[in-house]
Visitor: 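First, the structure itself, so that you have it in front of you.
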Amino acid sequence: MSRIPVTLLTGTLGAGKTTLLNRILSEAHGRRYAVIVNEFGEIGIDGDLVVGVDEEVFALNNGCLCCSVRGDLIRIIGGLMKRAGGFDRILVETTGLADPAPVAQTFLVDDEVRERTALDSIVTVVDARNIEARLADSDEAEEQVAFADTLLVNKTDLADEAGLATVEARLRAINPVARLIRTRRCDADLGTVLDGAFDLDRLLALEPDLLDSHGRHHHEHDEGVGSVSFRIDRPLDGRRFVDWIGMLLAIRGADILRSKGILAFAGEDRPFVFQGVHMLQEGDFAPAWRPGQKRESRLVLIGRNLDAAVLRAGFEGCAAA
Ligand SMILES: Nc1nc2c(ncn2[C@@H]2O[C@H](COP(=O)(O)OP(=O)(O)OP(=O)(O)O)[C@@H](O)[C@H]2O)c(=O)[nH]1
């Protein structure tokens, strides 16, 4: 039986993993992809931000793929293998906080998973603007870079040539062999990105215990990083929300690493998708609510020193009168 290739998409919070995933899924490829998205916040958002009607998206919420939800991952893959017709490829998007080693390990040591799937490549999306800060404050960022077969140096529009050269030198020092591609909104040639560059020997040199299924998973997440998630049934006043989040990120954007929401604004028939990475924010209306999608507002904030009660009160204060 042929093994299904698995592409692991990793990279720090907000680097552009979902952007890459959507690019892969949007291309006229004629292939059947199964998508597994793992999120840190307890209210899933990413599952709704992934494009495509044909693909099946499995969301693993509230936990880091490299820790608590690993058993779920094994179960999902087991379920996928039983599907009639099967899939041509499995795409796994990890949370920005994940260490890729134990995720890769799942595909390399679990007998059933290994029989049916083959890790094909590890693609790490790098936020050219924020990678230096992430390398300074988290071990996972460095592991993500070290494990990559392909490094997409993304968000080149937000850095100048000198900044990009510095970032690339830093990446090269951590990982001298990965293919390095500069991208804007992950606009890399997808044939190149999905081409099976995975090299087990290289990973074993980095992590000699990788194939030891009894090896303990030692890593610890940055203790200070947490997430808060809110849900409101009542429609929001769009103006109030934009003012509130703008002020919040202006003041707390250094600590709020990532913010994202799917929002129901009063008087609007489409959901508003909000995205923030530190102070930088983007927002736009999605074409329509998905069938079965509840018309409510969901917001997730990931960062340090998040006071859930204060933030909840602020978000609830955005409800339309
Ligand atoms: N300016 C700029 N913004 C980008 C680029 N690529 C992605 N973005 C934006 O960055 C934000 C985060 O992108 P995502 O693709 O959601 O990032 P992610 O890595 O999936 O985020 P998490 O899953 O939360 O870790 C979104 O607002 C994107 O539109 C880029 O090249 N330039």
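We number each residue from 1, following the sequence as shown. In listed order, ligands and their atoms are each counted from 1. Every value quoted in this text rests on a predicted model; they were computed, and no experiment measured them.
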Visitor: For ligand 1, which atoms sit closer than 4.0 Å to a heavy atom of Arg184?
Guide: 31 (O)
Visitor: Evaluate the side-chain proximity of Ile77 to Arg116: yes if any heavy-atom separation is below 4.5 Å, no if none is.
Guide: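 With C-beta onward as the side chain, the pair stays apart.
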Visitor: Are Val193 and Asp195 close enough that some pair of their side-chain heavy atoms sits under 4.5 Å apart?
Guide: no
Visitor: Which atoms of ligand 1 have any heavy atom of Glu93 under 4.0 Å away?
Guide: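 Going through ligand 1 atom by atom, the ones under 4.0 Å from Glu93 are 20 (O), 23 (O).
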Visitor: Quick test of your reading of the model: are Arg89 and Asp120 salt-bridged, counting only N-O distances below 4.0 Å?
Guide: yes
Visitor: Does Gly11 have a heavy atom less than 4.0 Å from any atom of ligand 1?
Guide: no
Visitor: Atom 16 (O) of ligand 1: which of Arg258, Lys260, Glu282, Lys17 has the nearest heavy atom?
Guide: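 Result: the heavy atom closest to atom 16 (O) of ligand 1 is in Arg258.
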Visitor: Is the shortest side-chain N to carboxylate O distance from Glu161 to Arg182 below 4.0 Å?
Guide: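 Yes.
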Visitor: Measuring from the heavy atoms of Val125, does anything fall under 4.0 Å of ligand 1?
Guide: no
Visitor: Taking NZ, NE, NH1 and NH2 as the nitrogens, is one of them in Arg298 or Glu296 under 4.0 Å from a carboxylate oxygen of the other?
Guide: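 Salt bridge between Arg298 and Glu296, a charged N being under 4.0 Å from a carboxylate O: yes.
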Visitor: Quick one: does NZ or CZ of Arg270 land under 6.0 Å from the six-membered ring centre of Phe285, within 45 degrees of the ring axis?
Guide: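 Judged by the rule (NZ or CZ under 6.0 Å from the ring centre, within 45° of its axis), Arg270 counts as positioned above Phe285.
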Visitor: I need the contact type for Thr19 against ligand 1. Using non-hydrogen atoms and a strict under-4.0 Å cut-off, is it side chain, backbone, both or neither?
Guide: both
Visitor: For ligand 1, which atoms, with element, lie under 4.0 Å from some heavy atom of Leu13?
Guide: 25 (O)
Visitor: Is Ala15 close to ligand 1, meaning an N/O of one under 3.5 Å from an N/O of the other?
Guide: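 Yes, Ala15 has an N/O under 3.5 Å of an N/O on ligand 1.
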Visitor: Just let me know how Leu158 lines up against ligand 1, side chain, backbone, both or neither, with a heavy-atom cut-off below 4.0 Å.
Guide: side chain
